[in-house]
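To start, the structure itself, in structure tokens.
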Amino acid sequence: MYYISTRNKSERVSGAQAVVQGIASDGGLYVPEQIPSVTKEELAALKAMEYPERAAFIIGKFLPELSDGLKDWCERAYSRFDGDPAPIVKADGKYFLELWHGPTHAFKDMALTLLPYLMTGSKKILNRTDKTLILVATSGDTGKAALEGFKDVEGTACAVFYPFGGVSNLQKLQMTTQRGGNVFVSAIKGNFDDAQTAVKKIFASQGVKDKLAEKGYNLSSANSINWGRLVPQIAYYFSAYVDLADSGEIEDGEEVVFTVPTGNFGNILAAYYAMKMGLPIKRLVCASNRNNVLTDFFESGTYDLKREFHKTISPSMDILISSNFERLIFETSGRNDKLTKQRMEKLATEGKYTVSDVEMKEIARTFAAYSADDEITKETIADFFDESGYVLDPHSAVAFDATMRFEEETGEERIVTVCTASPYKFAASVLEAIGETVPRDDGAALTKLEEETALPLPESLSELPSLKIRFGGCVDKDGIEQAVINSVIRE
Ligand SMILES: *Cc1c(COP(=O)(O)O)cnc(C)c1O
């Protein structure tokens with residue numbers, strides 16, 4: 001199977017190359033030349049499999065050259081999860097797909113525990129002996145998950161930049177206390193979009209690449225611009241569907257709706273590809289916080305960046321430039337690379353672009369969109385906790401609010417809300433939402449949330465306040481280039 005760039009279809013590379021490179025040389029994103037399909041028989045056969053085997057099956061459709069290793073890698077990656085990596089939980093008659101049982105307690109682990117194996121395996125196929133520097137811009141959760149995934153993995157290093165003041169206390173502690181000999185973390189002055197733009201610039205800079213090459217490093221990405229990050233995410237939509245069918249909650253072949261709390265549009269795009277592969281999905285509900293650039297797009301057909309950036313209690317969704325939206329626009333334009341390139345250039349220069357009515361029709365058939373501000377998010381957490389005892393983190397609560405609104409408008413009942421983080425990662429906001437006073441001390445906040453909710457507190461979070469800070473630094477946008485180069489010279 002080959003991969004093409006969303007901005008130039010004649011740039012065609014193997015899957016292994018797409019994973020190692022991360023982003024196309026023209027700044028476009030790699031997509032598979034053909035989208036593979038899954039038959040009804042194959043879907044039925046998934047029922048008898050455990051999660052790692054299901055994931056290996058789906059990923060193998062996209063990266064057949066890695067098939068030999070996949071099952072073993074998936075088993076190793078998902079053994080780092082606490083029990084089932086992607087359980088469907090039913091509370092008060094509603095379905096929740098919990099994707100936060102991995103080592104860093106956010107859904108990013110679903111892909112980032114596996115990506116190091118995909119990367120290392122791909123390099124082997126390509127006979128590459130250079131080392132890989134994984135460069136990450138994070139709105140909070142990708143950074144930690146990438147650090148845990150790549151920590152002390154031979155032939156790799158990992159450098160992470162997060163927006164100063166733009167992540168929760170616990171997210172910050174998770175990153176600044178990171179262990180491992182091949183890791184580097186720094187804050188960057190600005191918001192997530194600034195961090196992501198600075199990182200994308202480095203990917204495009206031959207000067208930086210040359211300097212890294214002198215040290216024996218090539219550059220790759222663990223952000224969802226990398227196809228290797230997206231493809232493991234497609235697997236859990238299949239797994240969730242199969243679990244619902246297997247437990248008799250739905251009939252085989254019955255269509256379901258997924259509601260996805262959305263930032264960079266990676267998670268929901270994986271659901272879109274699952275649908276294109278033949279998974280019976282009726283609609284995808286895109287849930288945003290107050291940074292509602294996508295909600296407005298789905299309403300108007302115009303992607304318009306020119307608006308205020310808001311810090312919210314769901315910081316991993318505080319994003320205005322949703323990178324993966326480029327892949328959707330490419331697909332729904334009939335895979336028009338020239339048009340996609342034009343639109344992305346327009347976004348960079350004018351801050352907006354508009355798609356055609358024909359495209360919007362197709363998009364509206366597939367997607368619905370809602371946004372919730374912090375007040376609504378907190379109310380949702382409080383109300384559902386009162387009603388059912390189920391605790392939502394703020395990101396999952398943004399999604400659950402969208403689920404309820406979609407249900408009200410359409411009468412749809414088979415809706416799965418995708419839950420992306422453990423409530424403990426956002427302990428202070430969750431405590432506040434359920435009407436508790438928030439202890440100033442992070443450790444005390446965790447313990448208090450455990451007392452209030454009886455949700456088991458993971459040790460990897462409770463130990464954080466007692467760990468030594470290893471990476472307390474902060475750079476400005478112009479300093480990021482030097483920081484990246486220094487991060488590998490240091491070794
Ligand atoms: C990353 C993240 C999101 C947004 O996911 P995208 O794939 O970027 O749309 C939502 N919730 C949490 C907790 C996250 O970490």
Side-chain angles (χ1 to χ4, degrees), residues 29 94-97 99 107 139 141 192-193 224 230 233-234 236-237 240 255-276 279 281-305 307 310 312 314-333 347 352-355 359-373 376-377 380 392-410 412 414-421:
L29 306 184
K94 312 287 181 204
Y95 302 104
F96 299 93
L97 173 59
L99 300 175
F107 94 96
S139 57
D141 291 327
F192 172 72
D193 288 317
S224 53
L230 264 176
Q233 297 178 182
I234 298 174
Y236 51 72
Y237 288 101
E255 288 185 322
V256 299
V257 174
F258 286 100
T259 306
V260 188
T262 295
N264 229 351
F265 210 74
N267 197 352
I268 195 166
L269 187 79
Y272 175 80
Y273 280 116
M275 187 175 170
K276 292 279 155 194
L279 190 67
I281 293 177
K282 190 179 237 170
R283 290 285 280 281
L284 295 171
V285 180
C286 175
S288 301
N289 63 24
R290 199 173 162 209
N291 295 296
N292 57 355
V293 61
L294 289 169
T295 327
D296 286 352
F297 172 86
F298 286 114
E299 183 119 323
S300 67
T302 297
Y303 196 103
D304 187 357
L305 282 180
R307 64 184 68 216
H310 299 286
T312 72
S314 45
S316 302
M317 295 155 68
D318 287 348
I319 294 174
L320 295 180
I321 308 173
S322 290
S323 291
N324 277 294
F325 209 62
E326 175 168 349
R327 285 186 169 111
L328 181 73
I329 291 305
F330 174 75
E331 297 294 353
T332 52
S333 67
L347 189 67
K352 63 175 175 180
Y353 63 86
T354 301
V355 303
E359 289 167 273
M360 264 326 272
K361 248 193 196 145
E362 148 90 10
I363 288 170
R365 255 202 305 274
T366 310
F367 292 93
Y370 301 90
S371 75
D373 64 16
I376 294 174
T377 306
T380 305
L392 291 155
D393 96 282
H395 305 76
S396 312
V398 167
F400 188 55
D401 171 66
T403 290
M404 290 189 301
R405 286 161 65 185
F406 186 74
E407 184 181 326
E408 210 172 278
E409 282 170 27
T410 61
E412 204 63 56
R414 303 278 176 264
I415 311 177
V416 179
T417 302
V418 176
C419 296
T420 48

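Counting begins at 1 with the first residue of the sequence. Because the structure is a prediction, the values reported are computed rather than measured.
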[X] versus [Y], closest heavy-atom pair with distance:
| X | Y | value |
| --- | --- | --- |
| A399 | V260 | CB-C, 4.4 Å |
| G301 | M360 | CA-SD, 3.6 Å |
| D401 | S371 | OD2-O, 4.4 Å |
| A397 | T380 | O-CG2, 3.7 Å |
| T302 | K352 | CG2-CD, 4.2 Å |
| A287 | V398 | CB-O, 3.8 Å |

Do the side chains of [Y] and [X] get nearer than 4.5 Å, heavy atoms only?
| X | Y | value |
| --- | --- | --- |
| L294 | F367 | no |
| R307 | N292 | yes |
| C419 | L392 | yes |
| F192 | P315 | no |
| I321 | L305 | yes |

Review point. Looking only at side chains, do N264 and N324 share a donor and an acceptor under 3.5 Å apart?
Key: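 No donor-acceptor contact under 3.5 Å links the two side chains.
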Exercise for review: Classify the side-chain pair T262/S288 by whether it contains a donor and acceptor separated by less than 3.5 Å.
Suggested key: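 Checked: T262/S288 side chains show no N/O donor-acceptor pair below 3.5 Å.
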Interatomic distance, [X] atom [atom1] to [Y] atom [atom2] [nearest 0.5 angstrom]:
| X | Y | atom1 | atom2 | value |
| --- | --- | --- | --- | --- |
| H310 | L320 | NE2 | CG | 8.5 Å |
| H395 | N289 | NE2 | CG | 7.5 Å |
| Y303 | S322 | OH | OG | 4.0 Å |
| L284 | F298 | CG | CZ | 9.0 Å |
| E359 | L328 | CD | CG | 9.5 Å |
| F107 | N267 | CZ | CG | 4.0 Å |

Say whether, by atom type as modelled, one donor and one acceptor occur between the side chain of [X] and the main chain of [Y] under 3.5 angstrom.
| X | Y | value |
| --- | --- | --- |
| S139 | S316 | yes |
| S300 | D296 | yes |
| R327 | G266 | no |
| T410 | E412 | yes |

Exercise for review: Begin from the C-alpha positions of K282 and R414 and carry the test side chain to side chain contact (heavy atoms under 4.5 Å, CB included) through to its verdict.
Suggested key: CA-CA 10 Å; K282 190 179 237 170; R414 303 278 176 264; over 6 Å; no
Review point. Below 4.0 angstrom, N of the basic side chain to O of the carboxylate: do K276 and E331 qualify?
Key: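 Here K276 does not pair with E331 in a salt bridge, since their nearest N and O are not under 4.0 Å apart.
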**Study point:** Pair E362 + R365: basic N to acidic O under 4.0 Å
**Key:**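 A salt bridge is present here (some side-chain N lies under 4.0 Å from a carboxylate O).
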Check your understanding: For M317 and T312, what are the C-alpha separation, side-chain angles and deciding distance, and is it a side chain to side chain contact (heavy atoms under 4.5 Å, CB included)?
Key -> CA-CA 8 Å; M317 295 155 68; T312 72; 5.9 Å; no
Assign the ring pair [X] / [Y] to parallel, tilted or perpendicular, where the plane angle (0 to 90°) is split at 30° and 60°.
| X | Y | result |
| --- | --- | --- |
| F297 | F325 | perpendicular |
| Y370 | F406 | perpendicular |
| F258 | Y237 | perpendicular |

Practice item. Carefully, step by step, assess T417 and K94 under the rule side chain to side chain contact (heavy atoms under 4.5 Å, CB included). Key: CA-CA 8 Å; T417 302; K94 312 287 181 204; over 6 Å; no
Check your understanding: Does atom CZ of R290 have more than 12 heavy-atom neighbours from other groups under 6.0 Å away?
Key ->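 For R290, atom CZ is not crowded (no more than 12 foreign heavy atoms under 6.0 Å).
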Point to revise | Audit row: I415, V285, side chain to side chain contact (heavy atoms under 4.5 Å, CB included) steps and yes/no | key: CA-CA 9 Å; I415 311 177; V285 180; 5.6 Å; no
Point to revise | ring pair (Phe, Tyr, Trp, His ring centres under 6.0 Å) assessment of F96 paired with F400 | key: CA-CA 9 Å; F96 299 93; F400 188 55; 5.2 Å; yes
